[in-house]
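Report on one structure; see the data block that follows.
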Number of protein chains: 2
Amino acid sequence: MSSASGFQPVPRESTSSLITRQLREGIMRGALPAGTQLSEVALAAEFGVSRGPLREAMQRLVQEGLVRSELNRGLFVKELDEAEIRDLYLTRTAIETTAARAVAHSEAVIPGTERLRARAAAMAAAAAAGDLEALADADFAFHEELVSLAGSPRLHRVHETLMVETRMCMTALQGTYFDPEDQVAEHSRIVEAIASGDDAALVREIEEHMQEALDRLVRASR
Amino acid sequence: MSSASGFQPVPRESTSSLITRQLREGIMRGALPAGTQLSEVALAAEFGVSRGPLREAMQRLVQEGLVRSELNRGLFVKELDEAEIRDLYLTRTAIETTAARAVAHSEAVIPGTERLRARAAAMAAAAAAGDLEALADADFAFHEELVSLAGSPRLHRVHETLMVETRMCMTALQGTYFDPEDQVAEHSRIVEAIASGDDAALVREIEEHMQEALDRLVRASR
DNA sequence: TATCTCCGGATTGTTGACAATCTTCACAGG
DNA sequence: CCTGTGAAGATTGTCAACAATCCGGAGATA
């Protein structure tokens, strides 16, 4: 059998894994707002499985920190107060600066920056069109791409959770207005800093971007 | 009811949580070496519970990345090749530099550095006594303390997993000899950098320390 | 001999039922 | 009016049995 046939391993996935993904999506999109109790029977019925696999999925989310477990009481979607939001952005900064530096020093800087420029362009387009939802999506795609390019499974796994939490915040504050142009400009500066290979500038740009984003969120939440 | 009574909430904990902790300990200490299959029935019997809670604990470890799941095949303790070890230290650097900077800029720098100095002193004592096991323990306690002092739940949770993986590596390479004095000196330099409040120096010290530790590990594993 | 088929044993995946716990509400007593 | 008691209802925690899947080897066939 040729190994050059280009076949990929069959993407079989456990039920609990599939459920976890859907629940995460629900938490992210606001279908399961912060604080809601997650009823096992109700969710199990909705997913069409028994409580076993569903409970396994729940434990994953608990480990991820997206869900809080109270013994004999139930599971609740975690709520984010201001201190938590600050912690979230502190951690995002840690992960993303490291990722960006890894990209900047990797052999694939050129195609990497190219892809990031494309993401930034998508943001600009959404901003120009005044489509705030598309802008948010493009924003997320940018950061997701950035960390993916670093090629670090650990940074990526941690970042995935952080992005869910970020989106949770933004969903909760939906309707508040941010200046799109600022956001677009900040992302462009990050890309160019990566391209330049200047570590100090790079770190500074990301830290500033995170600080700005955090300020926008905190301001909106009061 | 006074809220200043100093009582803490009763530390009730779910069974799956307790099992998770024990399994993690086992993986860390080498009782469950990398690559071993984790038999559900055997482990459930050992813990004296049924397979339900045990499976929930397993899913937590999968989410943590310490255990790999093959559908209909079983669960295996994750193995770390050289690339994984590099990724591990990359991520540790990201977390610990951020934590150290947070400590350096916090209001509690003074007591913080004091506690870290105590940890470093414990390392020095173990090194002087030639007790390599105690040295490793003190080493871990130092890094654990460093991240705890940052007061960031996210950094702490991520770091916990990373330290388990680190210990896994070191357990696997048990018997190899490292120069204790170097290690002690590196940690002392980190503490003093925190005390000095010089961010650049701080980051440099931690990055160098991680690079050294990584080199020691990689060298020993070949 | 090489290959294919099939079967037995073992392990995981899933389920429904049972036990334990918590919450809520009504109600009696001070 | 407030406090304590108790039972009903609902929810979570746990278990043991059943179903599905995988692995290895014996045996048949060319």
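Small disclaimer: the values here were computed from a predicted structure and weren't measured. Order of the sequence lines sets the chain letters (A, B, ...), proteins ahead of strands, with each chain counted from 1. Reckoned from all heavy atoms, side chains included, excluding hydrogens, waters and symmetry mates.
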Exercise for review: Please work out which of the three classes, parallel, tilted or perpendicular, describes the rings of A/H143 and A/H209, given edges at 30° and 60°.
Suggested key: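 Judged by the thresholds at 30° and 60°, the geometry between A/H209 and A/H143 is parallel.
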Review point. Does any N or O in the side chain of A/Q37 come within less than 3.5 Å of the main-chain N or O of A/R73, such that one atom is a donor and the other an acceptor?
Key: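 Flag set: sc A/Q37 to bb A/R73 pair under 3.5 Å.
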Review point. Please walk me through it: do A/T161 and A/E64 pass side chain to side chain donor-acceptor pair (under 3.5 Å)?
Key: CA-CA 7 Å; A/T161 303; A/E64 238 181 299; 2.9 Å; yes
Exercise for review: Go along nucleotides 12-25 of chain C 5' to 3' and tag each nucleotide: B for a protein heavy atom under 4.0 Å from its base, S when only backbone or sugar atoms are that close, - otherwise.
Suggested key: BBBB-B---SSS--
Point to revise | Rounded distance [0.5 Å steps], CD in B/E212 versus OH in B/Y89 | key: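 Answer for the CD-OH pair, B/E212 versus B/Y89, is 11.5 Å.
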Practice item. Show your working on side chain to side chain contact (heavy atoms under 4.5 Å, CB included) between B/E96 and B/M210 and close with a plain yes or no. Key: CA-CA 10 Å; B/E96 296 198 28; B/M210 290 295 171; 3.4 Å; yes
